[in-house]
2 protein chains.
Amino acid sequence: MAPAEHQSEDTILKAAHKVFLSRGYHGTRMQEIADEAGINKALLHYYFRSKDKIFEAIFLSSFKNFLPQILEILDSDEPFEKKINTFFSKYLDLLIKHPHIPNFIMHEVAHNPEHLQSFFKKHFESKPSKFLRQIKEEMDAGRIEKQDPKQILVSMLALAIFPFAAKPILQIVLEMSEDDFKSFIQERKKFLPEFVMRSLRKI
Amino acid sequence: MAPAEHQSEDTILKAAHKVFLSRGYHGTRMQEIADEAGINKALLHYYFRSKDKIFEAIFLSSFKNFLPQILEILDSDEPFEKKINTFFSKYLDLLIKHPHIPNFIMHEVAHNPEHLQSFFKKHFESKPSKFLRQIKEEMDAGRIEKQDPKQILVSMLALAIFPFAAKPILQIVLEMSEDDFKSFIQERKKFLPEFVMRSLRKI
DNA sequence: AAATCATTTAACCATTTAGTTAATTTCAAA
DNA sequence: TTTGAAATTAACTAAATGGTTAAATGATTT
């Protein structure tokens with residue numbers, strides 16, 4: 001595939017994205033990115049100085065539009081139950097659209113935790129404190145069971161993210177095809193809000 | 001550090017385990033394993049023919065006592081609610097004891113899914129079919145809400161495993177120290193069975 | 001059209017890495 | 001104490017890989 005005229009930089013990013021995703025940082029070869037982009041390998045170094053720089057560029061752009069969307073949902077002014085619905089619906093849609101992001105993050109966690117920490121502090125200082133406070137309010141109002149709000153938040157993240165991070169294993173263990181997995185996730189959009197709310201709701 | 005006399009094989013496995021865990025398959029260098037074990041690199045090839053064989057040996061031994069313990073719980077004859085309790089209690093204890101295993105697997109999932117897939121297919125064919133059937137029985141008996149059993153199983157795995165896989169990020173986002181995280185997990189042993197059962201139980 | 005600038009390439013280079021080899025050491029059995 | 005096999009090592013190879021360079025190509029301006 002020849003590169004689109006004068007679009008090399010973008011072509012490279014797209015190709016690198018694809019290769020890094022499927023091979024991981026160490027498994028990725030500059031030559032493979034070049035081949036995927038249909039350009040000469042030296043051009044990668046012309047636009048981005050090094051393998052590291054390319055990876056960083058991809059990671060940053062992926063993350064910069066991903067995390068804020070989640071925090072926005074959690075810190076919105078929606079009423080609690082509605083928010084739980086919105087959270088899973090939008091979060092799963094995001095993950096369907098960018099199923100690689102959990103893996104990306106895992107890589108940075110394993111490979112560069114201190115970098116990730118400063119990255120977080122630099123780009124996203126806001127924490128889901130509003131949501132945690134909202135959970136407490138619901139408890140105080142007697143609408144949901146008294147629990148540690150952190151346990152609830154972590155559980156919600158786990159329920160949404162885990163299937164994507166563990167997809168290949170789940171497919172084996174549960175004998176799911178690609179289509180099976182897709183409908184599994186679609187079904188999960190309905191399943192999760194009910195699952196969580198049934199558990200939280202005071203009876 | 002010199003190798004204990006004639007213990008090289010075990011020394012190598014221990015060293016390789018440590019290095020593969022922190023670096024992942026592609027990130028691991030045979031030289032680093034040799035250094036970690038305090039032996040010559042050629043000895044790695046003397047005991048194990050290749051990098052692949054070493055990885056296989058480690059992954060296998062890690063898993064051979066890990067996965068069966070989980071499957072045993074899931075396929076035991078305990079009544080349903082008791083089993084949910086046992087599952088989380090024992091699984092979290094296992095993860096506390098081997099907190100690296102989720103990262104190990106996630107790393108390989110992210111960087112080498114096809115390698116992992118063939119590995120699983122080769123070594124573990126048993127599936128938690130008995131547990132899935134048991135869930136169905138509970139539904140038919142009207143004791144729990146009708147749901148897709150797979151959604152429930154995946155949710156249980158997610159709730160247990162995710163905090164370990166995502167530990168560094170959770171610590172940043174939720175501002176938890178090492179001790180905070182430990183007590184968070186301890187608390188989770190009580191939290192999870194209640195969380196799941198409240199959700200499943202028919203009212 | 002000549003000059004200038006950015007873009008792209010083929011051919012290299014230096015380093016790293018998994019794996020090999022041939023020689024040496026260790027150690028137990030004869 | 002000799003011998004022979006197993007264990008261990010230093011030195012090596014071949015291939016792969018990230019990165020460089022200098023020349024070629026293309027586009028834009030003067």
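Letters A, B, ... mirror the listed sequences (proteins, then strands); counts begin at 1.
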Please report the distance, rounded to the nearest Å, between [atom1] in [X] and [atom2] in [N].
X       : N      : atom1 : atom2 : result
B/Lys53 : C/dG19 : NZ    : C1'   : 15 Å
B/Ile54 : C/dT17 : CD1   : P     : 15 Å
A/Leu44 : D/dG19 : CG    : P     : 10 Å
A/Gln31 : D/dT17 : CD    : P     : 9 Å
A/Glu32 : D/dA16 : CD    : P     : 14 Å
B/Lys41 : D/dA7  : NZ    : P     : 20 Å
A/His45 : D/dG19 : NE2   : C1'   : 5 Å
A/Phe48 : C/dT7  : CZ    : C1'   : 14 Å

#### Entry: Stepwise salt bridge (charged side-chain N to carboxylate O under 4.0 Å, His left out) test for A/Lys130 and A/Asp77
CA-CA 9 Å; A/Lys130 193 164 175 179; A/Asp77 285 325; 3.0 Å; yes

### Query
Is there a donor and acceptor pair closer than 3.5 Å between the side chain of A/Lys51 and the base of D/dG19?
no

### Message
Let me spell it out: for each of A/Tyr46 and B/Asn40, pick the nucleotide of DNA chain C with the closest heavy atom. Which residue's pick is nearer the 5' end?
### Response
A/Tyr46

### Query
Between B/Tyr47 and D/dA6, does any side-chain N or O lie under 4.0 Å from OP1 or OP2?
no

### Query
Is A/Ser8 near enough to C/dT7 that one of its side-chain N or O atoms lies under 4.0 angstrom from OP1 or OP2?
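Checking A/Ser8 against C/dT7: no side-chain N or O falls below 4.0 Å of OP1 or OP2.
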
### Query
Under a 4.5 Å cut-off applied to non-hydrogen side-chain atoms, are A/Lys14 and A/Asp10 in contact?
yes

### Task
For A/Ser62 and A/Ile58, indicate whether the former's side chain and the latter's backbone hold a donor-acceptor pair under 3.5 Å.
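Indeed, once roles are kept as given, a pair shorter than 3.5 Å links the two residues.
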
### Query
How do A/Arg29 and B/Leu43 order along DNA chain D: which one's closest nucleotide is nearer the 5' end?
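It is B/Leu43, whose closest nucleotide lies nearer the 5' terminus.
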
### Query
Measuring from A/Lys90:NZ to A/Lys83:NZ, what's the distance to the nearest 0.5 Å?
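Between atom NZ of A/Lys90 and atom NZ of A/Lys83 there are 12.0 Å.
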
### Summary
The salt bridge (charged side-chain N to carboxylate O under 4.0 Å, His left out) partner of A/Arg143 among A/Glu137, A/Glu138, A/Glu81 is A/Glu138

### Query
Of all the choices, D/dG19, D/dT20, C/dT20, which nucleotide is nearest to the side chain of B/Ala42 once you look at every atom?
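Of the candidates, C/dT20 comes closest.
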
